[in-house]
Number of protein chains: 2
Amino acid sequence: MRKENSTNSINERYLHKKCALNVAIDIIGVRWASQIIFSISQGVNRFHLLKEELPNISEQVLSRKLKILEKQKIIIKTIIPDSTPIGVRYILTSRGEDLLPIFENICEWGKSYSLDFEN
Amino acid sequence: MRKENSTNSINERYLHKKCALNVAIDIIGVRWASQIIFSISQGVNRFHLLKEELPNISEQVLSRKLKILEKQKIIIKTIIPDSTPIGVRYILTSRGEDLLPIFENICEWGKSYSLDFEN
DNA sequence: ACAATAACTAACAAAATTGTGAGCTATAAA
DNA sequence: TTTATAGCTCACAATTTTGTTAGTTATTGT
């Protein structure tokens with residue numbers, strides 16, 4: 001899937017090495033990721049709930065994004081005991097929770113930005 | 001270039017409307033953008049200096065990114081008077097400067113993240 | 001037996017971002 | 001007059017991300 005030797009990949013690695021800012025940006029900067037993390041923090045923490053909350057996301061895309069966030073240790077997938085059909089709940093790790101105050105700041109910045117442009 | 005009626009565009013608009021967090025993320029989350037803003041804040045504020053600092057970026061890509069940041073009113077392009085060949089200097093707007101403390105936080109988060117993964 | 005629900009997955013296609021190669025303008029120094 | 005520097009722009013191609021369609025498993029309720 002990913003070509004390790006494309007300029008694209010080389011540039012990605014270059015930026016990651018240059019500054020951890022770029023590492024973080026590549027995690028939170030992809031579509032849906034920040035919104036999913038925020039939604040989970042608000043209690044929208046199950047597959048079908050996220051599907052309702054984000055009506056335009058397909059199941060395959062949601063599944064993919066959750067899997068990536070899990071691999072990045074930002075969320076943990078837990079099985080709800082004694083549930084049928086089997087229930088899954090996603091919770092934030094402490095690393096995931098550390099993002100929430102940052103999101104607050106980014107959001108504030110975004111609001112003042114939107115004021116100028118969307119109106 | 002951009003298809004206004006693709007699901008991709010519709011989803012983008014949906015997320016922007018849902019929360020300004022997603023507006024901001026779409027600005028700072030594209031390749032090179034955050035690094036360029038940070039570099040300019042450090043005095044690497046001319047076209048050729050940025051080219052040196054980021055050896056893997058092509059002139060066309062750098063030019064494109066600067067133009068977008070200018071349109072977003074994050075940087076301002078100023079002509080250096082009485083310079084030959086004509087010199088250009090990029091400076092951050094106050095909106096651009098407001099990003100710097102946020103970048104600090106994101107960077108800190110990225111560092112602790114990298115500790116777990118890159119080593 | 002059949003539909004419904006939760007939570008996926010695989011193969012594929014479309015769209016968007018990112019990068020390439022060549023060329024341009026203007027000025028000045030060698 | 002050729003070369004160098006600063007700062008670009010164009011048309012195009014490669015790569016990556018994002019979205020689509022059609023399934024699957026397992027269990028419960030009807």
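So you know, we letter chains A, B, ... as the sequences are listed, proteins then strands, and number each from 1. Bear in mind the structure is a predicted one, so any value in this text is a computation, not a measurement.
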Heavy atoms only, 4.0 Å cut-off, all strands: where does [X] land among base, sugar-phosphate and nothing?
X	value
A:Lys65	sugar-phosphate
B:Val61	base
A:Lys77	sugar-phosphate
B:Ser63	base

[X] [atom1] to [N] [atom2], straight-line distance once rounded to whole Å:
X	N	atom1	atom2	result
B:Lys3	D:dG19	NZ	P	15 Å
B:Gln60	D:dG7	CD	C1'	13 Å
B:Lys51	D:dT9	NZ	P	14 Å
A:Phe47	D:dT25	CZ	C1'	14 Å
A:Asn56	D:dT20	CG	C1'	14 Å
A:Asp26	D:dT16	CG	C1'	12 Å
A:Arg64	D:dG19	CZ	P	8 Å
A:Trp32	D:dG19	CH2	P	6 Å

Practice item. For side chain to side chain contact (heavy atoms under 4.5 Å, CB included), just list the numbers for A:Glu4 and A:Arg13, CA-CA rounded to whole Å, side-chain angles, deciding distance to a tenth of an Å, and then say yes or no. Key: CA-CA 10 Å; A:Glu4 286 299 311; A:Arg13 284 196 294 275; 3.2 Å; yes
DNA chain C nearest-nucleotide lookup for A:Leu49 and B:Arg31: closer to the 5′ end is A:Leu49
Are [X] and [Y] within salt-bridge range, i.e. N to O under 4.0 Å?
X	Y	answer
B:Glu70	B:Lys67	no
A:Arg2	A:Glu12	yes
A:Arg64	A:Glu59	no

Legend entry - Residue mapping more 5' on DNA chain D - nearest nucleotide basis, A:Arg2 or B:Glu12: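 With B:Glu12 and A:Arg2 compared, the 5'-side residue is A:Arg2.
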Between A:Thr7 and A:Glu59, whichever has its closest DNA chain D nucleotide further toward 5' is A:Thr7
Please confirm whether the shortest side-chain N or O distance from B:His48 to OP1 or OP2 of D:dT5 is below 4.0 Å.
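B:His48 to D:dT5 OP1/OP2: no side-chain N or O under 4.0 Å.
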**Request:** Ignoring backbone atoms, establish whether A:Ser58 has a side-chain N or O less than 4.0 Å from OP1 or OP2 of D:dT18.
**Result:** no
Q) Between A:Ile36, A:Ile37, A:Val44, which is the residue that forms a side chain to side chain contact (heavy atoms under 4.5 Å, CB included) with A:Ile40? A)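 Per the side chain to side chain contact (heavy atoms under 4.5 Å, CB included) rule, the option paired with A:Ile40 is A:Ile36, out of A:Ile36, A:Ile37, A:Val44.
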DNA chain C: first to last nucleotide in contact with chain A (atom under 4.0 angstrom from a heavy atom), 5' to 3', is C:dT5 to C:dT20
query = A:Val88 and A:Phe47: side chain to side chain contact (heavy atoms under 4.5 Å, CB included), yes or no, with the steps?
reply = CA-CA 7 Å; A:Val88 165; A:Phe47 197 88; 5.8 Å; no
**Item:** ILVMFWY network linking B:Leu49 to B:Leu66, side-chain heavy atoms under 4.5 angstrom
**Value:**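 B:Leu49 and B:Leu66: one cluster.
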Which of D:dT16, D:dT18, D:dC8 is nearest the side chain of A:Ser9? It is D:dT16
To the nearest 0.5 Å, atom CD1 of A:Ile106 lies from atom CD1 of B:Ile27 at 11.0 Å
